[in-house]
Amino acid sequence: MIEPSAAAQLRRIARRRAARDHRRQRSRSIGPGRDSGISRLTWVALAASMLPGLAALVALLFTWMSVGQTNKDLQISEQGQITTRFNAAITNLGSASLDVRLGGIYALQRIMQDSSRDQRTAVSVLSAFVRQHAPVPVSGFKPAEEYRPPTDVAAVVSVLGNRSADREVTQDGKPLYRADLSSVDLRGLEREVGLTEGGMPRRSNFRFAFFTGADLRDAGLENFDLSGASLDNANMSGVKLSNADLRHAFLGGTNLTDARLGAADMTGADLGGANLHNAHLSRAEETNETSEAESSANLTRASLIGANLRTADLRGVILIDADLTDADLTGADLRGADLTHADLSNADLTGAKLSGAKLAGAILEGARGVPPHTRGGSP
């Protein structure tokens, strides 16, 4: 019979063995046995399956970096090429050969088409070329001779007229820069106007341009966009401005004797002190898209002696102190026009619309077609 102390000792030994066997069993399940081998193979297979994706990701990142660097290199190369082309064009402009100069002019045109950021510089260079090669002489012109601008000067005007207008104005329509053709001699200029895809004559872009003091006698400026242009004190005698856009143009003191202004849009134009002797303004338009204050053309003190204004739309036009002696205003629309102190001696107003016209102090001696009730002032 086993003594109690021995029995207890045997039970302790049995418990120790059971605990040791349990630890061994757990060690086998996570140790370097068969199950552990299977787990490692699984991880190796998983890692191997991820390698192509990682490789593709690395390749994509490398490609993106390469494309970005390539684009940057292309931009640098392109700007370098434009700089080289620009320098070559400037060199050609100074050549003694007409053909070489023409090559330089059209090279600058191509640069303007290819690079919007370089258009401003090209416009400045081409404008300076005209001012240098066709200036109005300080001593004045010799009388009589028929004149046409040199071929290269006419080519520059054509190139400037065909440039993109959208690049030169802000979103609110203000000019970023202007072509400066002040005091240039463009007498007798004739420019071949191209056609749009719709078959309409293409506009020549001279918006906001400076023509101050320029000589444009007998020039063909049909369909020119001269909106906002400065034409003050220019000599435009006999100029052809049919269908031209003269909205808000400055024509103060301009000589427009015998000018052809048929269908020209003169909304908001300032012709204060302009000379329009025998000018033809038939069918000249004054649109009503803007407010009355903005759309009223200013012809204060303008000389319109003998001007052909038949059927002209002169609604709201300011003609204060204007000289309309012998002017033909047959059928003209003068509703709301301000003719205060205007000289209408011997003018023909037959069929003219004078509703709301201001005629206070107007000289109507010999005028025809004036309703009797208007001779004492406004109707």
Side-chain angles (χ1 to χ4, degrees), residues 226-228 241-252 254 256-379:
L226 292 162
S227 55
L241 281 164
S242 300
N243 202 41
D245 188 344
L246 288 163
R247 289 175 297 169
H248 303 287
F250 297 93
L251 293 143
T254 300
L256 286 162
T257 303
D258 295 313
R260 299 294 187 268
L261 291 159
D265 188 344
M266 299 173 67
T267 299
D270 187 345
L271 289 95
N275 184 349
L276 285 94
H277 292 189
N278 297 312
H280 295 261
L281 286 87
S282 296
R283 295 179 302 281
E285 297 178 355
E286 284 289 336
T287 64
N288 292 318
E289 297 177 358
T290 55
S291 67
E292 183 177 352
E294 292 176 338
S295 64
S296 297
N298 187 353
L299 294 169
T300 300
R301 297 185 305 279
S303 175
L304 294 162
I305 298 173
N308 180 355
L309 298 166
R310 294 174 64 91
T311 71
D313 189 344
L314 299 170
R315 286 174 290 176
V317 174
I318 300 171
L319 288 159
I320 298 172
D321 291 320
D323 191 345
L324 289 156
T325 303
D326 296 317
D328 187 352
L329 289 157
T330 303
D333 193 341
L334 287 160
R335 287 176 293 178
D338 191 345
L339 292 153
T340 302
H341 298 297
D343 190 346
L344 290 159
S345 300
N346 300 315
D348 191 347
L349 291 154
T350 303
K353 299 175 183 178
L354 294 165
S355 176
K358 299 175 182 178
L359 289 161
I363 301 173
L364 297 168
E365 184 179 354
R368 301 180 298 282
V370 182
H373 64 278
T374 65
R375 291 186 177 271
S378 300

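- Taking OG from Ser303 and CG from Leu276, the interatomic distance works out to 7.5 Å, rounded to the nearest 0.5 Å.
- The OG1 atom of Thr300 sits 7.5 Å away from atom CG of Asp270, with the distance rounded to the nearest 0.5 Å.
- With rounding to the nearest 0.5 Å, the separation of CG in Leu304 from OG1 in Thr257 is 10.5 Å.
- Between atom OG1 of residue Thr340 and atom NZ of residue Lys358 there is a gap of 6.5 Å, rounded to the nearest 0.5 Å.
- Contact record, Ala279 with Leu256: CB-O, 3.7 Å, taken as the closest heavy-atom pair.
- By the 4.5 Å heavy-atom criterion applied to side chains, Val370 and Leu344 are not counted as neighbours.
- Checking each of Leu309, Asp326, Asp328 against Asp348 for a side chain to side chain contact (heavy atoms under 4.5 Å, CB included) leaves exactly one that passes, namely Asp328.
- Shortest non-hydrogen contact noted between Ala269 and Leu251 is CB-CD1, 4.5 Å.
- Summarising the geometry, atom CG belonging to Asp333 is positioned 5.5 Å from atom CZ belonging to Arg315; distances are rounded to the nearest 0.5 Å.
- For the residue pair Ala342 and Leu319, the shortest heavy atom distance occurs at CB-O, 3.6 Å.
- Between the CG atom in Asn243 and the CG atom in Leu261 there is a gap of 11.5 Å [rounded to 0.5 Å].
- Closest heavy-atom contact between Arg247 and Asp245: NH2-OD2, 2.7 Å.
- In this structure, Ile363 and Ser345 approach most closely via the heavy-atom pair CG2-OG, 3.3 Å.
- Taking all atoms of both residues into account, the shortest heavy-atom contact from Ala362 to Leu339 is CB-O, 3.7 Å.
- Between Arg301 and Asp321 no salt bridge is recorded (no basic side-chain N to carboxylate O distance below 4.0 Å).
- Between Leu271 and Met266, some side-chain heavy-atom pair lies under the 4.5 Å cut-off.
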